[in-house]
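Structure first, then comments.
Here the structure is a predicted model, which is why all the values come from computation and not from measurement. Both backbone and side-chain heavy atoms feed into the values below; hydrogens, waters and symmetry mates do not.
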Amino acid sequence: IQGATTVNNDLNIGSGATLNPAGQNLTVNGGTSISGTFADNTTAGTTSLQALSLSGASMNGTQIGVVNVAGNLTVASGTNT
């Protein structure tokens, strides 16, 4: 991501895919589903999500920034790290 980004629909990070907000602000106005990797490598920037569903997901990075979840957090069975 380059620059502050707003997703006005759902955001899906599929299995095998990686999203790195790269220190930018990321706002998702729909639901967010992660079965791949959310790799935040800096404490800069804020990620704001409405609802988050993790299924075999990884949220990692050398430094994790601020991640706000305003709605429901759903963690499915399987390995989530």
Smallest separation among heavy atoms of [X] and [Y], with atom names:
X: Pro21; Y: Thr47; value: CG-OG1, 4.3 Å
X: Ile34; Y: Leu52; value: CD1-CD1, 3.8 Å
X: Gln50; Y: Val69; value: O-CG1, 4.3 Å

Say you draw a straight line from OG1 of Thr18 to CZ of Phe38; how long is it, rounded to the nearest 0.5 Å?
->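 Taking OG1 in Thr18 and CZ in Phe38, the distance rounds to 11.0 Å.
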Test side-chain contact (heavy atoms from CB on, under 4.5 Å) applied to Leu26 and Leu19, step by step | CA-CA 11 Å; Leu26 171 63; Leu19 174 66; 4.0 Å; yes
Check whether [X] reaches the backbone of [Y] with its side chain - one donor and one acceptor, N or O, closer than 3.5 Å.
X: Ser35; Y: Ser15; answer: yes
X: Asn12; Y: Gly14; answer: no
X: Asn25; Y: Thr46; answer: yes

Less than 4.5 Å apart, side chain to side chain, heavy atoms only: is that true for [X] and [Y]?
X: Asn9; Y: Asn29; value: no
X: Asn8; Y: Val28; value: no
X: Thr74; Y: Leu54; value: no

Carefully, step by step, assess Val67 and Leu49 under the rule side-chain contact (heavy atoms from CB on, under 4.5 Å).
-> CA-CA 8 Å; Val67 178; Leu49 309 173; 4.2 Å; yes
